[in-house]
Amino acid sequence: MTQRRMALGNDSSVKEFILLGLTQQPELQLPLFFLFLGIYVVSTLGNLGLMVLIVLNPHLHTPMYYFLFNLSFIDSCSSSLITPQIMVSFVKQNIISHAECMTQLFFFAFFIIDECYILTAMAYDRYAAICKPLLYQVTMSHQACHLMLVGVYVIGFVGAMIHTGSVLSLTFCDGNIINHYVCDVVPLRKLSCTNTATNELVVFIVVSINVIVPTLAIFISYTLILFNILGIHSAEGRSKAFSTCGSHVIAVSLFFGASSFMYLKPTSSSVDDDKVATIFYTIMGSMLNPLIYSLRNKDVHIALRKTLKNRIFT
């Protein structure tokens, strides 16, 4: 297998890139192929199944599940964008055109930024439900939820455009081998033969905003929720509130922890660390989120039983 193709000329004359994938060790590639195939199947079935349950069950047509539906949609798209690329690199040389790489970069950034803000919207929904229950119907009205969701996707679009534009401004003249399994800003920047200081600054600012702002909003929401829960006299009420919020805290910690490590760390860090971090906040998160939000969720259990019962007796 050819491991290197050099770009000709002193300009951005690269027409295609080679994605090296997760590992170059032949003995690991077949086992990893089936591992990621299994993860992809579980992730896809979990996210699509949760979306179908929410659509088919009217008692799940609430703001909380409206945002959860969109989280599952984003996770499903993100997983479908990345996991097949990893599996392809295990069985053959993964060659991608320049245009396809930039398109993949755009949607990769779009879905990651979307997830940052959909998790923030879910935290605010829990704050409104637990801390302001009397105003919940007004605060989280249909119109308010729609506007929040539009804001999530608009911010994702703007952020993705900035990331893609910053990479398009780079010149690639030394080579076209991307030591990664997906077209992302960091590995592409390492290929550039021009000064990337401005690009690094832009990426750092955009990522900082898209990590720090949601993290602060989520932290404040859950701090206020915690104080409110501690004031609940009923043990059953406290248990229900903790159960409702616990799953969200786990999902948030996994996503923001891994993504912060990936983008806010020193540029001299290991490429293998980058690859592992990306797996955690994309592929693993996409697989675990349906499990996290459904295993301890009585509403989802009831919806699943009703749906299965209706299908069996019809």
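A donor-acceptor pair under 3.5 Å is formed between the side chain of Asn195 and the backbone N or O of Ala197. Distance alone, capped at 3.5 Å, places no donor-acceptor pair between the His180 side chain and the Gly21 backbone. Side chain of Ser89 to backbone of Ile86: a donor-acceptor contact under 3.5 angstrom is found. Judged by distance alone, with hydrogens and angles left aside, the side-chain atoms of Thr223 form a donor-acceptor pair with the main-chain N or O of Phe219 at under 3.5 Å. A donor-acceptor contact shorter than 3.5 Å links the side chain of Thr44 to the backbone of Tyr40. Remark: the backbone N or O of Thr278 is paired with a side-chain donor or acceptor of Thr282 at under 3.5 angstrom. One N or O on the side chain of Asn47 and one on the backbone of Ser286 form a donor-acceptor pair closer than 3.5 Å. Distance alone, capped at 3.5 Å, is enough to place a donor-acceptor pair between the Tyr181 side chain and the Lys275 backbone. Judged purely by atom type and a 3.5 angstrom limit, Ser141 uses its side chain to pair as donor or acceptor with the backbone of Ala144.
No path of Ile, Leu, Val, Met, Phe, Trp and Tyr side chains, each step under 4.5 Å between heavy atoms, connects Leu291 with Ile302, placing them in separate hydrophobic clusters. The hydrophobic clustering, which links ILVMFWY residues whose side-chain heavy atoms are closer than 4.5 Å, places Ile283 and Val88 apart. In the hydrophobic cluster analysis, where Ile, Leu, Val, Met, Phe, Trp and Tyr join through side-chain heavy atoms closer than 4.5 angstrom, Leu48 is grouped together with Leu60. Both Ile220 and Ile218 sit in one connected hydrophobic cluster of ILVMFWY residues. Membership requires side-chain heavy atoms under 4.5 Å apart, directly or through other members. Both Val150 and Val158 are assigned to one and the same hydrophobic cluster, defined by single-linkage of ILVMFWY side chains at heavy-atom distances under 4.5 Å.
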Does the side chain to side chain contact (heavy atoms under 4.5 Å, CB included) test come out yes or no for His146 and Gln143, once each step is laid out? CA-CA 5 Å; His146 293 328; Gln143 183 180 9; 5.7 Å; no
Starting from the C-alpha separation in whole Å, work towards a yes-or-no answer on side chain to side chain contact (heavy atoms under 4.5 Å, CB included) for Ser169 and Thr198. CA-CA 10 Å; Ser169 68; Thr198 302; over 6 Å; no
Could you walk me through whether Asp184 and Leu105 pass the side chain to side chain contact (heavy atoms under 4.5 Å, CB included) test, one step at a time? CA-CA 6 Å; Asp184 194 9; Leu105 169 63; 4.2 Å; yes
Let's go through Val182 and Gln85 carefully: what are the C-alpha distance in whole Å and the side-chain angles of both, what is the deciding distance for side chain to side chain contact (heavy atoms under 4.5 Å, CB included) to 0.1 Å, and is it a yes or a no? CA-CA 7 Å; Val182 66; Gln85 291 289 334; 5.6 Å; no
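Side-chain contact between Asp125 and Tyr136 is present, with heavy atoms from C-beta onward closer than 4.5 Å. Phe34 places a side-chain heavy atom less than 4.5 Å from the side chain of Leu30. Residues Thr83 and Leu37 form no side-chain contact, since every pair of their non-hydrogen atoms from C-beta on lies 4.5 Å or further apart. Residues Leu191 and Phe17 are in side-chain contact: their nearest non-hydrogen atoms beyond the backbone lie under 4.5 Å apart. Side-chain contact check for Asn210 versus Ile155: some heavy-atom pair is nearer than 4.5 Å. At least one side-chain heavy atom of Ile96 sits less than 4.5 Å from a side-chain heavy atom of Gln104.
Around atom CZ of Phe107, no more than 12 heavy atoms belonging to other residues, nucleotides or ligands sit under 6.0 Å away. Counting non-hydrogen atoms of neighbouring residues, nucleotides and ligands closer than 6.0 angstrom, the NE2 atom of His59 exceeds 12 such neighbours. Within 6.0 Å of atom CD in Gln137, 12 or fewer heavy atoms from other residues, nucleotides or ligands are found, so the atom counts as exposed in its surroundings. Residue Phe33 qualifies as enclosed at atom CZ: its count of foreign heavy atoms under 6.0 Å is above 12.
Between the side chains of Asn228 and Tyr127, no donor-acceptor pair is found at a separation under 3.5 Å. Side-chain contact, Asn176 with Lys15: no donor N or O sits under 3.5 Å from an acceptor N or O. Inspection of the Tyr153 and Asn70 side chains reveals an N or O donor paired with an N or O acceptor under 3.5 Å.
Atom OG of Ser166 is separated from atom CG of Leu188 by 9.5 Å, given to the nearest 0.5 angstrom. Between atom CE of residue Met64 and atom CE of residue Met140 there is a gap of 11.5 Å, rounded to the nearest 0.5 Å. The distance from atom CG of Leu201 to atom OG of Ser208, rounded to the nearest 0.5 Å, is 9.5 Å. The line from CG of Leu288 to CD1 of Ile39 is 9.0 Å long, rounded to the nearest 0.5 Å. Between Gln24 atom CD and Phe90 atom CZ the span is 10.0 Å, to the nearest 0.5 Å. How far OG1 of Thr103 is from NE2 of His98: 10.0 Å, rounded to the nearest 0.5 Å.
Remark: Thr194 engages Ser192 in a side-chain hydrogen bond (donor to acceptor under 3.5 Å, both in side chains) (not counting sequence neighbours). Shown here are the side-chain hydrogen bond (donor to acceptor under 3.5 Å, both in side chains) partners of Asn289, two or more places apart in sequence or in another chain: Asp75, Glu115.
The heavy-atom pair separating Phe111 from Cys77 by the smallest distance is CZ-CB, 3.4 Å. Shown here for Leu170 and Arg189, the closest heavy-atom pair between the two residues is CD1-CA, 4.0 Å. Closest of all the heavy-atom pairs between Ile54 and Tyr65 is CD1-O, 3.6 Å. Asp114 approaches Val152 most closely through the heavy-atom pair OD1-O, 3.1 Å. Closest approach of Ser79 and Ser43 over heavy atoms only: OG-OG, 3.6 Å. Tyr117 and Ile209 get closest at one heavy-atom pair: OH-O, 3.7 Å.
Using cut-offs of 30° and 60° on the angle between ring planes, the pair Phe106 and Phe157 is perpendicular. By the 30° and 60° cut-offs, the orientation of the rings of Phe108 relative to Tyr281 is tilted.
For His163 and Phe110, the ring centers sit 6.0 Å or farther from each other.
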